[in-house]
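Structure first, commentary second.
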Amino acid sequence: MIEIKSFRAADGGSLILCEIKICDEDCNEKRTYRLLPEQYKELRLKKGERSEDVLADILDADELCRALRSGRSSLAHSASSESALKQKLRMKGFSARSAERAVEILVGEDAITEEEDAAREAERCLKKLWGKNRIIAHLRSKGYRHESIDRALLSIDDTDFSDVCRKAIEKKWGSLPKNTEEEPTARDRAVASLLRLGFTVSEINQAAKQ
């Protein structure tokens, strides 16, 4: 048997703390769980003794609150796509249902604005002097949807990637190395490095001429 002892608002009313006394042969303790106000209303919880069935609902509600808290903490450190955040929450041990619902709530709060986040991420990639192909691969690895990636690419559509490539060359070598007797593969290795940065052969050749 469980006994609901008290309810009180927390975090400016965004949460309801529910204190429960667990009473059985092996345990006699009080525990506090977190619920969203809408969950509190939906469960119609009242003080007093209740069957253990209601405890499962309270545990589910508490897990969602913890998933939300974890999601907000993650977003405070870096932007994330919906799918990537769901995966992070699942890796932290939250159920698929709680992870899915937490992300839905965060999207509703505009805490996740995928298209804007993808565009900002693309700009950060440009500052790292990456080519378009690597930017696309990076955004895909972050879990952004095709629509968000397409919008992000539009935001950098006027970028001259041969010029970005030129800057990458200047930063790393000064000028594109040439194959010599001492280093017969110097240029080949430099080109391979630029290809990994996401530049095309055409962009690399144009950059070398500038």
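Quick caveat, the model's predicted, so the values are computed rather than measured.
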Evaluate N205 against T200 for side-chain contact (heavy atoms from CB on, under 4.5 Å), listing each step before the verdict. CA-CA 9 Å; N205 289 335; T200 65; over 6 Å; no

What's the shortest heavy-atom distance between A119 and S155, and which atoms? CB-OG, 3.9 Å

Could you tell me which non-hydrogen atom of A102 sits nearest to which non-hydrogen atom of L68, and how far apart they are? O-CD2, 3.6 Å

Residue pairs passing the salt bridge (Lys or Arg N to Asp or Glu O under 4.0 Å) test with at least one member in residues 86-97, sequence neighbours excluded, are K86-E100

Does S73 reach the main-chain N or O of S70 with its side chain, forming a donor-acceptor pair under 3.5 Å? no

In this structure, NE2 of H146 is separated from CZ of R140 (nearest 0.5 Å) by 6.5 Å

Suppose the criterion is salt bridge (Lys or Arg N to Asp or Glu O under 4.0 Å): which pairs have a residue in residues 74-83, not counting sequence neighbours? E82-R145

Do any side-chain atoms of residues 34-41 form donor-acceptor pairs under 3.5 angstrom with protein atoms, and if so which ones, sequence neighbours left out?
| residue | atom | partner | partner atom | Å |
| --- | --- | --- | --- | --- |
| Q39 | OE1 | L36 | N | 2.8 |

For A152 and L139 the tightest heavy-atom approach is CB-CD1, 4.0 Å

All side chain to side chain contact (heavy atoms under 4.5 Å, CB included) counterparts of E109, not counting sequence neighbours: R72, I105, L106

Taking every non-hydrogen atom, the tightest pair across A67 and L89: O-CD2, 3.6 Å

Apply side chain to side chain donor-acceptor pair (under 3.5 Å) to S95 and S98, showing your working. CA-CA 5 Å; S95 67; S98 291; 3.1 Å; yes

Less than 4.5 Å apart, side chain to side chain, heavy atoms only: is that true for E104 and I112? no

Residue pairs fulfilling ring-ring contact (aromatic ring centres under 6.0 Å, His included) with at least one residue in residues 51-74, sequence neighbours excluded: none

Output all residues satisfying side chain to side chain contact (heavy atoms under 4.5 Å, CB included) with S83, sequence neighbours left out; order by chain, then residue number. S81

Got D57 and L45 here, is their nearest side-chain heavy-atom distance under 4.5 Å? no

Should V103 and Y144 be regarded as members of a common hydrophobic cluster, given that ILVMFWY residues are connected when their side-chain heavy atoms come within less than 4.5 Å of each other, either directly or indirectly? no

Are the side chains of N133 and F199 in touch, meaning some heavy atoms are under 4.5 Å apart? no

Using distance only, find each side-chain donor-acceptor pair of residues 186-193 under 3.5 Å and give its atom names and separation, not counting sequence neighbours.
| residue | atom | partner | partner atom | Å |
| --- | --- | --- | --- | --- |
| R189 | NE | T185 | OG1 | 3.2 |
| R189 | NH2 | E183 | OE1 | 3.0 |
| S193 | OG | K172 | NZ | 3.3 |

Ion pair present between E42 and R44, side-chain N to carboxylate O less than 4.0 angstrom? no

Determine all donor-acceptor pairs shorter than 3.5 Å in which one atom belongs to a side chain in residues 159-167; sequence neighbours excluded.
| residue | atom | partner | partner atom | Å |
| --- | --- | --- | --- | --- |
| T159 | OG1 | I156 | O | 2.9 |
| D160 | OD1 | S162 | N | 3.1 |
| D160 | OD1 | S162 | OG | 2.5 |
| D160 | OD1 | D163 | N | 3.4 |
| S162 | OG | Q210 | NE2 | 3.4 |
| D163 | OD1 | R166 | NE | 2.8 |
| D163 | OD1 | R166 | NH2 | 2.8 |
| R166 | NE | Q210 | OE1 | 3.2 |
| R166 | NH1 | E170 | OE1 | 3.2 |
| R166 | NH1 | E170 | OE2 | 2.9 |

Do the side chains of I16 and L59 join up, straight or via other hydrophobic residues, at under 4.5 Å, putting them in one cluster? yes

Determine, step by step, whether D117 and S80 satisfy the side-chain contact (heavy atoms from CB on, under 4.5 Å) criterion, reporting the C-alpha distance in whole Å, the side-chain angles of both residues, the deciding distance to 0.1 Å, and the verdict. CA-CA 7 Å; D117 291 342; S80 176; over 6 Å; no

Is the closest side-chain heavy-atom distance between L153 and I149 below 4.5 Å? yes

How close do L176 and A208 get, heavy atom to heavy atom, and via which atoms? CD2-CB, 3.8 Å

What residues form a salt bridge (Lys or Arg N to Asp or Glu O under 4.0 Å) with R151, not counting sequence neighbours? E115

Side chain to side chain contact (heavy atoms under 4.5 Å, CB included) with R66: which residues, sequence neighbours excluded? D62, E63, F94

Identify whether V201 and L194 are in the same connected component of the hydrophobic contact network (ILVMFWY, side-chain heavy atoms under 4.5 Å). yes

Quick check on the hydrophobic clustering: are L55 and F7 connected, directly or via other members, by side-chain heavy-atom contacts under 4.5 Å? yes

Could you pull out every donor-acceptor pair under 3.5 Å between side chains of residues 122-131 and any protein atom, sequence neighbours left out?
| residue | atom | partner | partner atom | Å |
| --- | --- | --- | --- | --- |
| R124 | NE | E121 | OE1 | 3.3 |
| R124 | NH2 | E121 | OE1 | 2.6 |

If we ignore hydrogens and angles and just use 3.5 Å, is the side chain of S14 paired with the main-chain N or O of D11 as donor and acceptor? yes

Residues at least two apart in sequence or cross-chain that pass side chain to side chain contact (heavy atoms under 4.5 Å, CB included) with T32, listed by chain then number, are L17, E19

